[in-house]
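For reference, the structure is listed below as structure tokens.
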Amino acid sequence: MRKPEIMTAREAVKTIKDGTTLAIIAMTQVSASTSILKEIERSFLEEGHPRDLTYVHTCGQASAGKPGGMQYIAYEGLLKRVIGGHWGQSAKMMDLITENRIEAFNLPQGQMANMFHSMALREPGKLSRVGLGTYIDPRIEGGKMNQKAIDSGYDTVGIVTVDGEEYIQYKPIPIDTLLIRGTYADENGNISTEREAMVLEILPAVMATKRWGGKVICQVESVVENGSIPPKDVVVPGVLVDAVVVCENPLEEHRQTYSWYYDPSYSGAVRVPESALEVLPTEMRKIISRRAVAELVPDQIINIGTGIPNENIGPIIAEEGLSDIVTITVESGIYGGVPAGTIDFGISRNAQALISHDRQFEFYNGAGIDYTFMGAGELDQYGNVNATKMGRKAPGAGGFIDITATAKNVIFCSSFTGGGLKTSFSEDGVKIEQEGKFKKLVKEVQQISYNGKLALERGQNMLYVTERAVFKLTEKGVMLVEVAKGVDVQRDILDQMEFTPLIADELKYTSTDFYREGACGLRTLIERNKDSR
């Protein structure tokens, strides 16, 4: 029987040749092959190899500037090109991209996850309508995030027409080496992932790599005797694995996520009492999220994205006792539970189900989620939203484009202005203590991450929720539909925008109940919504 070779991280890295394509499966620092990544860094800095790699990754693989993940390989010379879903939490990778020192191509995370299936099946790329009308569209920017990518002559996307309809072709990317992580490998190399907090797209990535004749290297916590892993728990059969690296320092280099080594409530092994879950302080971001959650009706499946939603909506649903009438999902494949914060995005305590990352996007892109709550950077007069490029910084889309393209209700959560905004809240309403330095409601967004015109054609319900105003996208344009008590519409809203919105004939006031400490009665509001819609 064909078996993988058990080797050290140093031996594994020596098999990665200069100029080849390296794909890595992880999200934030969940399932990160840290021992191997650190050895790649050491080898490059001390020996100059490997170098000129193309780095392929579906998800962001860093934790808000903390050491680890893609931070270990973010070096000019080591990397020639990156084709990835998100870099927003990796300062080093963002600097390489912004300073035009590597070629940077951004593709929607879900499309990348499912590209592995297309590549494994020898298809001529993945065809999808997701990304049309955004910066991914090759007629706009083609996902090229800097001048070096534009000048490279390399393309990751194209346009094809099938039965009179246009699709984006996400082109195949040959993979030479794939890094994955498991919990255990048995003596035949069969891989299990029971202590991991996500399922991810490990198997389709393995299949795609094998289709190109590439090598699969897996970091594990330990090797166990044959027969120790139940066959249904084998995520990757050993005959598809070329090398197994046993982590020598699991407390540091095989952590469940950045913030802790292992918590069984995040991998589904145990459940913890709801009373043990954190209650967030009542401040601006929580208040924005409360107002957004108030749009829900019972028995809906929702998605929460990074930023304000991920940090607040899960804890709010737990605090308000809504988990029996609302099902939270996260793009990583989570159903239910209370998602962790930004630094550990993508995992959930007390989840009901954990499915694979690529399969989750089949649901998002196919049936479409009932409600998605997303962070946002800019909104313009056309209803376009930018969440992917702020000034010179280009964090990329993650799952944003995939999810917002097909969701039935899209609710953006954002502060009204940015850069130093300070607010206070009371039963009298909102007080702007200090206005932000820059406007977020602009004439034209810097980059189109969400296309307002196409959203209207799809029949989506789109709201943009801030701490002082709520806007709705209508057939006639962006409309101001609700304001907070205590704000002056002219001074605090219209004068802080670069365009003049439509104003609803019956302008509503935001309930000051959202400013209360403790539960604010969201369950009653949501149940009432069912009768009013």
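The chain is numbered in sequence order, starting from 1.
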Taking only Lys NZ, Arg NE, NH1 and NH2, and the carboxylate oxygens of Asp or Glu, determine whether K286 and E319 approach each other closer than 4.0 Å. yes
Test Q61 against Y55 for side chain to side chain donor-acceptor pair (under 3.5 Å), laying out the working first. CA-CA 12 Å; Q61 298 178 358; Y55 166 40; 2.7 Å; yes
Can you tell me how the ring of Y364 sits relative to the ring of F361, calling it parallel under 30°, perpendicular over 60° and tilted otherwise? perpendicular
Across all chains, not counting sequence neighbours, the side-chain contact (heavy atoms from CB on, under 4.5 Å) partners of E46 are R42
Distance-only side-chain donor-acceptor flag, Q89 / Y258, under 3.5 Å: no
Hey, does N350 have a side-chain heavy atom less than 4.5 Å from the side chain of S265? yes
Do the side chains of E47 and K14 get close enough for a salt bridge, i.e. N-O under 4.0 angstrom? yes
Fit a plane to each ring of Y75 and F44, take the angle between them on a 0 to 90° scale, and name the class: parallel (under 30°), tilted (30 to 60°) or perpendicular (over 60°). tilted
Residues forming a ring pair (Phe, Tyr, Trp, His ring centres under 6.0 Å) with F400, sequence neighbours excluded: F412
Answer whether the closest heavy-atom distance between the side chains of E39 and S43 falls below 4.5 Å. yes
ring-ring contact (aromatic ring centres under 6.0 Å, His included): pairs with one or both residues in residues 90-110, sequence neighbours excluded: F105-Y154
Within 6.0 Å of NZ in K389, more than 12 heavy atoms from elsewhere: yes
When you compare the side chain of I40 with that of Y72, does any pair of heavy atoms fall below 4.5 Å? no
Looking just at side-chain N and O atoms, do R195 and S267 make a donor-acceptor pair shorter than 3.5 Å? no
For K17, I'd like to know if atom NZ has over 12 heavy atoms of other residues, nucleotides or ligands within 6.0 Å. no
Can you name the side-chain hydrogen bond (donor to acceptor under 3.5 Å, both in side chains) partners of Q219, sequence neighbours left out? H254
Side-chain donor/acceptor pairs under 3.5 Å, residues 330-339, sequence neighbours excluded:
{"residue": "E331", "atom": "OE2", "partner": "Q109", "partner atom": "NE2", "Å": "3.0"}
{"residue": "S332", "atom": "OG", "partner": "G346", "partner atom": "O", "Å": "2.5"}
{"residue": "Y335", "atom": "OH", "partner": "Q360", "partner atom": "OE1", "Å": "2.6"}

Mind checking what makes side-chain contact (heavy atoms from CB on, under 4.5 Å) contact with R392, not counting sequence neighbours? T98
Between D242 and K210 (salt bridge meaning N to carboxylate O under 4.0 Å), is one present in this structure? yes
All side-chain contact (heavy atoms from CB on, under 4.5 Å) counterparts of T388, not counting sequence neighbours: Y135, N386, A397, Q447, S449
Sequence neighbours left out, what passes side-chain hydrogen bond (donor to acceptor under 3.5 Å, both in side chains) with N451? Give chain and number order. none
Before you tell me yes or no, could you show the steps for M284 and L421 under side chain to side chain contact (heavy atoms under 4.5 Å, CB included), namely the whole-Å CA-CA distance, both residues' side-chain angles and the distance that decides it to 0.1 Å? CA-CA 10 Å; M284 183 177 69; L421 173 64; 3.7 Å; yes
Pairs satisfying side-chain hydrogen bond (donor to acceptor under 3.5 Å, both in side chains), at least one member in residues 168-178, at least two apart: none
What do you reckon, is CD of E248 surrounded by more than 12 foreign heavy atoms closer than 6.0 Å? no
Report yes if the side chains of R211 and I175 come closer than 4.5 Å at any heavy-atom pair, otherwise no. no
Who passes ring pair (Phe, Tyr, Trp, His ring centres under 6.0 Å) against F363, sequence neighbours left out? none
Pairing residues for E201 by the side-chain hydrogen bond (donor to acceptor under 3.5 Å, both in side chains) criterion, not counting sequence neighbours: T58, H357
For a 4.5 angstrom cut-off between non-hydrogen side-chain atoms, does I102 reach M93? yes
Compute whether any side-chain donor of one residue and acceptor of the other, for E253 and T34, lie under 3.5 angstrom apart. no
For D18, what residues pass the side-chain contact (heavy atoms from CB on, under 4.5 Å) criterion, not counting sequence neighbours? H49, P50, R51
